Colleague: 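Please see the structure below; I have some questions.
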There are 2 protein chains.
Amino acid sequence: MRPDDILEVRKLHLFENMQEDNFQAMLNAAYLQTFPAQAELIREGDPSDFLYVVLEGTIELFAQSNDHETTMAMVRPFNTFILAAVLKDAVYLMSARTVQRSRVLMIPNSNVRAALETDSGFTRSIVIELAGCYRAVVKDQKNLKLRTTIERLANRLIRYHKEQGSTGSLELFHDKKTLASLLGMTPENLSRAFNTLKPYGVRVLGNRIELEDLDALETFAKPDRLIDDRSV
Amino acid sequence: MRPDDILEVRKLHLFENMQEDNFQAMLNAAYLQTFPAQAELIREGDPSDFLYVVLEGTIELFAQSNDHETTMAMVRPFNTFILAAVLKDAVYLMSARTVQRSRVLMIPNSNVRAALETDSGFTRSIVIELAGCYRAVVKDQKNLKLRTTIERLANRLIRYHKEQGSTGSLELFHDKKTLASLLGMTPENLSRAFNTLKPYGVRVLGNRIELEDLDALETFAKPDRLIDDRSV
DNA sequence: CGACGATTTGAATAGGATCAATGGGAGTGG
DNA sequence: CCACTCCCATTGATCCTATTCAAATCGTCG
């Protein structure tokens, strides 16, 4: 692993409270890998072997059952995925593949659990990270059960817009197909949903979306901080 | 708190790895309360103040937004709820009310976090508990996104049947209205879904459901251990 | 240029929601 | 004890959202 990579990883929330020697030991056992787009990293049902930390790129978490497939989440730097499976030493509940070329830190299962036992700073970080993951899924579920598809799209646009600096326009960092699945609808429906939002100033230019009347869109979308605020 | 209550609490997974003096300190600060049916325990959006452990009865976790309300989960003994909010010292994402008269242990927020710092056995239990909660919600979400309402009902019946000892019949421990909301459908639709399952041997007798042809039902439901098995 | 996949549009359908009305217990008060 | 009420559950009819199927368009890449 390159020295600047190490410095970068060291600064992640997950590791910042960790003792230096424990950190070194864990890093020695870990792999830093770069995957091309569309690479399958893990498959649901397999026993967990690594904790993954996304350093660059985008990872799609998805699940299948019954001949259907759905996108569960998109993981961006600098977040982890599949943490719960590692902690419980259980099988993965979701599969993961890269969307773009991505750089990923892979920490063997046993090393994570060893560090958990010996390093209380790390344990604290893990607890916070895991609690954050839990709350994210709960928000997702509220989103799914309490809103229509169009409301979900509107609120997602508002969220991405804010995350990208509220410049009046935003970039979708994944396919519309994937966005549709993430929001729990079909691609055809997503396309129609965009049309429905046109009167509220939503303009679609490929992967770039312009929000020309944020007030109107927010009035329609009724954002709810207990669903949409990632920081809550 | 009565001595036999203390013994009972001591045996919970969450506390069994805790040091005796830490356990005593925590219990001294905790409240053991009995609530009548339909009592509201917490409201979403409020800052977290207690970690709750259900000792007896049933608690409904629900959420509201946009004039709609949905049941997120039913918590039965001996599970905790609202753990993530306590750990992050954040506001609750869900509200909670009793379904039946229920006995609940309430541990103040600060005591949970103090014990987390000082007792590594407790920390380990918390991590496992939280990871379990996370995986439960992920399964719920797969259930919602990958199955139709009828499939969800069929698999839920199979699950309850197994949990209650596979005797050929099962008891719903909550209203059909609540079950409908939990499964993400309307009460009217639940009623129709039961009718649709009649050819597979599902007989409804008030709160008691008899499964007269489990094979047929399972063939229809296609249970998936990565969704339906609570132990995975 | 041609091929392929992604996106959009259109038409038909299905699944589920809503609205309305009825039946059925459980609890209440006379 | 019985009538009354209220809430839950069921049933029917209709509406609406979203899916499916089909086809056209667009853009990208070789």
Side-chain angles (χ1 to χ4, degrees), chain A residues 36-38 58 60 65-71 97 99-101 143-157 171-198 202-210 220-221, chain B residues 36-38 58 60 62 65-71 97 99-101 143-157 171-198 202-209 220-221:
Chain A
Q38 298 304 323
T58 308
E60 178 186 1
S65 188
N66 225 335
D67 277 337
H68 289 262
E69 177 179 314
T70 190
T71 301
R97 67 184 155 223
V99 175
Q100 315 147 354
R101 178 186 153 88
N143 197 29
L144 271 175
K145 291 182 83 176
L146 293 168
R147 285 175 171 161
T148 65
T149 51
I150 299 172
E151 289 169 338
R152 294 203 287 275
L153 174 60
N155 282 295
R156 184 65 60 131
L157 293 178
E171 180 112 20
L172 300 176
F173 45 73
H174 37 61
D175 285 3
K176 296 221 179 80
K177 199 170 81 168
T178 310
L179 177 62
S181 182
L182 185 60
L183 295 176
M185 55 176 136
T186 58
E188 294 96 324
N189 228 337
L190 175 64
S191 195
R192 291 181 182 112
F194 270 122
N195 277 328
T196 308
L197 292 179
K198 205 174 279 180
V202 175
R203 201 152 306 280
V204 181
L205 309 161
N207 262 20
R208 176 148 293 282
I209 314 287
E210 301 195 341
F220 170 82
Chain B
Q38 298 303 324
T58 309
E60 177 186 2
F62 63 102
S65 188
N66 225 336
D67 277 335
H68 288 262
E69 177 179 315
T70 190
T71 302
R97 66 184 156 222
V99 175
Q100 315 147 355
R101 179 186 153 86
N143 196 30
L144 270 176
K145 291 181 83 176
L146 293 168
R147 286 174 169 160
T148 66
T149 51
I150 300 173
E151 288 168 339
R152 294 203 288 275
L153 173 60
N155 282 295
R156 184 63 60 132
L157 293 179
E171 180 112 21
L172 299 176
F173 44 73
H174 38 60
D175 285 3
K176 295 219 180 79
K177 197 170 82 167
T178 309
L179 177 62
S181 182
L182 185 62
L183 295 176
M185 56 175 135
T186 58
E188 294 96 324
N189 232 332
L190 176 64
S191 196
R192 291 181 182 112
F194 270 121
N195 277 328
T196 309
L197 292 179
K198 206 173 279 181
V202 175
R203 200 152 307 280
V204 180
L205 309 161
N207 262 20
R208 175 148 295 280
I209 315 286
F220 170 82

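Proteins come first, then strands; the chains are lettered A, B, ... in the order of their sequence lines, and each starts at number 1. These numbers come from a predicted model, not from an experiment.
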Colleague: Within the supplied structure, the quantity of interest is the number of heavy atoms (other residues, nucleotides, ligands) at a distance under 6.0 Å from B/R101 CZ; does it exceed 12?
Modeller: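 Not buried by this count: 12 neighbours or fewer within 6.0 Å.
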Colleague: Quick one: CG on B/D175 to CG on B/L182, what's the gap to the nearest 0.5 Å?
Modeller: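 So the CG of B/D175 and the CG of B/L182 are separated by 12.0 Å.
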Colleague: Measure from the side-chain heavy atoms of B/T148 and tell me the nearest of C/dT9, C/dG16, D/dT10.
Modeller: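 Nearest to the side chain of B/T148 among the choices is C/dG16.
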Colleague: Rounded off to whole Å, could you give me the NZ-to-P distance for the A/K177 and C/dC4 pair?
Modeller: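 Spelled out: NZ on A/K177 to P on C/dC4 is 16 Å.
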Colleague: As a test of understanding, state which of B/T196, B/N195, B/N189, B/L190 forms a side chain to side chain contact (heavy atoms under 4.5 Å, CB included) with B/I150.
Modeller: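 It is B/T196; the other options fail the test.
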Colleague: With distance as the sole test, does B/K176 use its side chain to make a donor-acceptor pair with the main-chain N or O of B/N207 at under 3.5 Å?
Modeller: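 Judged by distance alone, no pair lies under 3.5 Å.
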Colleague: Check whether any side-chain N or O of B/N195 sits under 4.0 Å from OP1 or OP2 of D/dT11, and answer yes or no.
Modeller: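 Answer yes for this pair, as a side-chain N or O of B/N195 is under 4.0 Å from OP1 or OP2.
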Colleague: How long is the line joining CG of A/N189 and P of C/dT7, in whole Å?
Modeller: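 Going from A/N189 (CG) to C/dT7 (P), I get 15 Å.
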Colleague: Tell me the interatomic distance from B/R147, atom CZ, to C/dG16, atom P, rounded to whole angstroms.
Modeller: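 Atom CZ in B/R147 sits about 14 Å away from atom P in C/dG16.
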Colleague: How close or far is atom P of D/dA18 from atom CG of A/L190, stated in whole angstroms?
Modeller: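 Atom-to-atom, A/L190 to D/dA18, this comes out as 12 Å.
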Colleague: Return the value, rounded to whole Å, for the distance between atom CG of A/N207 and atom C1' of D/dC26.
Modeller: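 The distance from CG of A/N207 to C1' of D/dC26 comes to 14 Å, rounded to the nearest Å.
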Colleague: Is there a donor N/O on one and an acceptor N/O on the other, under 3.5 Å, for the side chain of B/R192 and the base of C/dG15?
Modeller: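 Per atom types, no contact qualifies.
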Colleague: Report yes if a donor N or O on one partner sits less than 3.5 Å from an acceptor N or O on the other, where the partners are the side chain of B/E188 and the base of C/dC19; otherwise report no.
Modeller: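 Indeed there is one.
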Colleague: Could you tell me the separation between the CG atom of B/L153 and the P atom of D/dT10, rounded to a whole number of Å?
Modeller: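 Rounded to whole Å, this separation is 11 Å.
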Colleague: Is B/T186 close enough to C/dG16 that one of its side-chain N or O atoms is under 4.0 Å from OP1 or OP2 there?
Modeller: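 So the side-chain polar atoms of B/T186 never come under 4.0 Å of the phosphate oxygens OP1 or OP2 of C/dG16.
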Colleague: Rounded to the nearest Å, what distance is computed from the CG atom of residue A/D175 to the P atom of nucleotide D/dT28?
Modeller: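 Interatomic distance, CG of A/D175 to P of D/dT28: 13 Å.
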Colleague: Considering every strand and a 4.0 Å limit on heavy-atom distances, what is the contact class for A/T149: base, sugar-phosphate, or nothing?
Modeller: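 It contacts sugar-phosphate atoms only.
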Colleague: Starting at NZ of A/K176 and ending at P of C/dT7, how long is that distance when rounded to a whole Å?
Modeller: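 Answer to the nearest Å: 6 Å.
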Colleague: Any chance you could measure A/R147, atom CZ, to B/T70, atom OG1, to the nearest 0.5 Å?
Modeller: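 That separation rounds to 13.5 Å.
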Colleague: Of B/P187 and A/I150, whose closest DNA chain D nucleotide lies nearer the 5' terminus?
Modeller: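 Comparing both residues, the 5'-ward one is B/P187.
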